[in-house]
Amino acid sequence: MEDIHSILINVLSNIVWLPLGALLAYIGFFLSVRLPHRALWQVKDPANLIVCASSSTTTNTGVYNRPATGIGQVRALALALRSLHHAYHKHLDIRNIFLATDHLQERIENDLLILGSSKTNAVTARFLELLEDEQPAKVIDSLIIWRTHKVGGRWVDQGALEYEGSVTKRQVVNDYGLIIRAYNPFTSRKRTAILFSGSHTYGTVAAAKFFTENMQGLLRKLTKDGRRNFVLLVSTQVVEGYPTRMKVERSYAW
């Protein structure tokens with residue numbers, strides 16, 4: 001009888017502790033993984049997140065011209081989606097992927113993930129134009145310009161620093177990535193826009209890689225005193241088409 005009693009107690013204990021252990025494990029995962037990634041992205045409506053990638057090439061099929069994005073944007077998107085999945089899981093819908101040649105129309109008022117530079121992405125160009133007076137970064141072709149002075153509360157080009165990826169024997173050996181997380185300037189609703197861009201394609205990958213893998217340690221410093229928007233310029237060495245040794249060159253938050 002005592003053996004049966006002991007068995008029943010053990011069974012009941014397992015019944016109680018198993019769901020409790022699962023609950024504690026989920027809470028631990030939520031606090032250590034999901035919340036930090038959500039704090040990083042600040043996406044308000046992940047189910048309607050819009051991805052807008054550069055139209056960097058066009059293929060003539062013989063019947064029509066088919067636009068396509070580049071490998072840099074594909075790699076950047078893969079990095080971003082992994083982090084976004086950690087943040088929003090089932091709430092995330094990744095079907096809303098468009099090229100810059102597509103007409104976003106009312107979708108431009110959603111949360112945005114913008115990939116690629118203004119050379120090949122008109123949404124990037126317009127996004128930077130709308131934020132030009134609020135943050136120091138500008139882009140002209142492959143040149144990233146970082147303004148350092150304000151006059152009358154507005155950024156000016158005088159004394160600006162210039163950054164451009166370097167090419168040796170027709171291969172990019174150093175590149176620069178631009179990261180911006182800000183309010184969506186295309187809408188009055190509370191939505192977030194994130195830009196991953198680069199001097200060359202590897203800079204775009206480096207921007208996404210740094211944001212998803214190295215940004216957590218810098219986030220608290222940038223967003224102190226209630227600041228929610230920020231821009232970073234990162235440098236990277238490119239080895240066999242892979243961005244390595246990323247370093248923050250400039251940062252600004254507002």
Side-chain angles (χ1 to χ4, degrees), residues 33 36-42 51 53-54 56 69-87 113-121 124 127-128 131 135-148 160-169 171-182 192-224 227 229-254:
V33 177
H37 281 85
R38 288 186 180 183
L40 177 64
W41 287 96
Q42 291 287 303
V51 178
S54 290
S56 53
T69 194
I71 188 62
Q73 285 73 46
V74 173
R75 290 174 177 171
L77 180 58
L79 290 165
L81 290 179
R82 183 171 59 186
S83 178
L84 283 164
H85 179 76
H86 285 320
L113 173 57
I114 309 168
L115 303 174
S117 74
S118 54
K119 291 183 298 183
T120 52
N121 193 331
T124 297
F127 176 69
L128 290 171
L131 294 181
Q135 54 83 33
K138 292 176 62 176
V139 176
I140 300 176
D141 293 329
S142 298
L143 189 67
I144 300 175
I145 299 171
W146 192 276
R147 296 168 293 175
T148 57
L161 304 172
E162 297 182 351
Y163 299 86
E164 186 172 11
S166 56
V167 178
T168 300
K169 296 181 180 179
Q171 290 189 339
V172 178
V173 293
N174 294 286
D175 209 350
Y176 293 94
L178 187 65
I179 302 166
I180 298 180
R181 191 196 77 183
T192 300
I194 299 101
L195 170 68
F196 299 146
S197 180
S199 175
H200 301 295
T201 188
Y202 305 107
T204 299
V205 181
K209 184 174 174 61
F210 186 90
F211 185 84
T212 57
E213 297 180 4
N214 303 100
M215 193 68 209
Q216 295 288 353
L218 190 58
L219 186 63
R220 183 174 297 179
K221 178 182 178 181
L222 284 172
T223 57
K224 68 180 181 180
R227 293 176 292 185
N229 312 296
F230 57 80
V231 53
L232 280 87
L233 177 69
V234 298
S235 61
T236 183
Q237 295 183 12
V238 182
V239 179
E240 296 182 351
Y242 182 78
T244 64
R245 300 187 66 179
M246 294 171 295
K247 182 178 71 172
V248 176
E249 297 290 341
R250 297 283 167 177
S251 65
Y252 178 79
W254 75 101

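Remark: Y163 engages Y176 in a ring pair (Phe, Tyr, Trp, His ring centres under 6.0 Å) (not counting sequence neighbours). Remark: K138 engages D157 in a salt bridge (Lys or Arg N to Asp or Glu O under 4.0 Å) (not counting sequence neighbours). With sequence neighbours excluded, the residues forming a side chain to side chain contact (heavy atoms under 4.5 Å, CB included) with V239 are T244, listed by chain and number. Not counting sequence neighbours, T223 has no partner by the side chain to side chain donor-acceptor pair (under 3.5 Å) test. With sequence neighbours excluded, the residues forming a side chain to side chain donor-acceptor pair (under 3.5 Å) with S54 are T120, listed by chain and number. Qualifying salt bridge (Lys or Arg N to Asp or Glu O under 4.0 Å) partners for R82, counting only residues two or more places apart in sequence or in other chains: E213.
Looking only at distances, a side-chain donor or acceptor of R38 sits under 3.5 Å from a matching main-chain atom of A87. In this structure, Q135 contributes its side chain and F230 its backbone to no donor-acceptor pair below 3.5 Å. No donor-acceptor distance shorter than 3.5 angstrom exists from the side chain of R250 to the backbone of T148, with no hydrogens or angles considered. Of the possible polar contacts, none joining the S199 side chain to the E164 backbone as a donor-acceptor pair under 3.5 Å is found. The backbone N or O of T168 sits nowhere less than 3.5 Å from a side-chain atom of Q171 that would complete a donor-acceptor pair.
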Subject >> Stepwise side-chain hydrogen bond (donor to acceptor under 3.5 Å, both in side chains) check, Q42 with T192 >> reply: CA-CA 7 Å; Q42 291 287 303; T192 300; 5.8 Å; no

Original post:
Is there a side chain to side chain contact (heavy atoms under 4.5 Å, CB included) between N174 and V238 once you walk through the steps?
Top reply: CA-CA 5 Å; N174 294 286; V238 182; over 6 Å; no

Original post:
So E162 and I144, side chain to side chain contact (heavy atoms under 4.5 Å, CB included) or not? Walk me through it.
Top reply: CA-CA 6 Å; E162 297 182 351; I144 300 175; over 6 Å; no

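Taking CG from L143 and OG from S117, the interatomic distance works out to 11.5 Å, rounded to the nearest 0.5 Å. Here the CG-CG distance, from N214 to L219, works out to 12.5 Å after rounding to the nearest 0.5 Å. In this structure, L222 CG and N229 CG are separated by 11.0 Å, a value rounded to the nearest 0.5 Å. Between L128 atom CG and S197 atom OG the span is 7.0 Å, to the nearest 0.5 Å. Interatomic distance, CG of L84 versus CG of L113, reported as 7.0 Å (0.5 Å rounding). Interatomic distance, CG of L81 versus OG1 of T212, reported as 10.5 Å (0.5 Å rounding).
Defined by atom type and a distance below 3.5 Å, a donor-acceptor pair is present between the side-chain atoms of S83 and W41. Inspection of the T236 and D175 side chains reveals no N or O donor paired with an N or O acceptor under 3.5 Å. With 3.5 Å as the limit, one finds no donor-acceptor pair spanning the side chains of Y202 and K209.
Contact of the I145 side chain with the I140 side chain is registered, since non-hydrogen atoms from C-beta on lie closer than 4.5 Å. Considering only heavy atoms from C-beta on, V51 comes within 4.5 Å of L77 through its side chain. When side chains are defined from C-beta on, E249 counts as touching K247, because their heavy atoms get closer than 4.5 Å. Residues L232 and L218 form a side-chain contact, since some pair of their non-hydrogen atoms from C-beta on lies under 4.5 Å apart. Side-chain contact between M246 and S235 is absent, with no heavy-atom pair separated by less than 4.5 Å. Residues V167 and H200 have side chains in contact (heavy-atom distance under 4.5 Å, counting atoms from C-beta outward). Side-chain contact check for V173 versus Q237: every heavy-atom pair is 4.5 Å or farther apart. Under the 4.5 Å side-chain criterion, counting only non-hydrogen atoms from C-beta, I114 is in contact with L195.
For the residue pair G241 and R75, the shortest heavy atom distance occurs at O-NH1, 3.2 Å. The two residues V231 and P136 come nearest to each other via the heavy atoms CG1-CD, 3.9 Å. Closest approach of G72 to T204, counting heavy atoms only: O-CG2, 4.4 Å. For the residue pair T69 and S56, the shortest heavy atom distance occurs at C-OG, 3.3 Å. The two residues Q73 and G116 make their nearest non-hydrogen contact at NE2-CA, 3.7 Å.
A centroid separation of less than 6.0 Å is found between the aromatic rings of F211 and F196.
Taking the six-membered ring where the residue is Trp, H37 and H86 present tilted rings, their angle falling between 30° and 60°.
When the shell of 6.0 Å around CZ of R227 is examined, it contains more than 12 heavy atoms from other residues, nucleotides or ligands.
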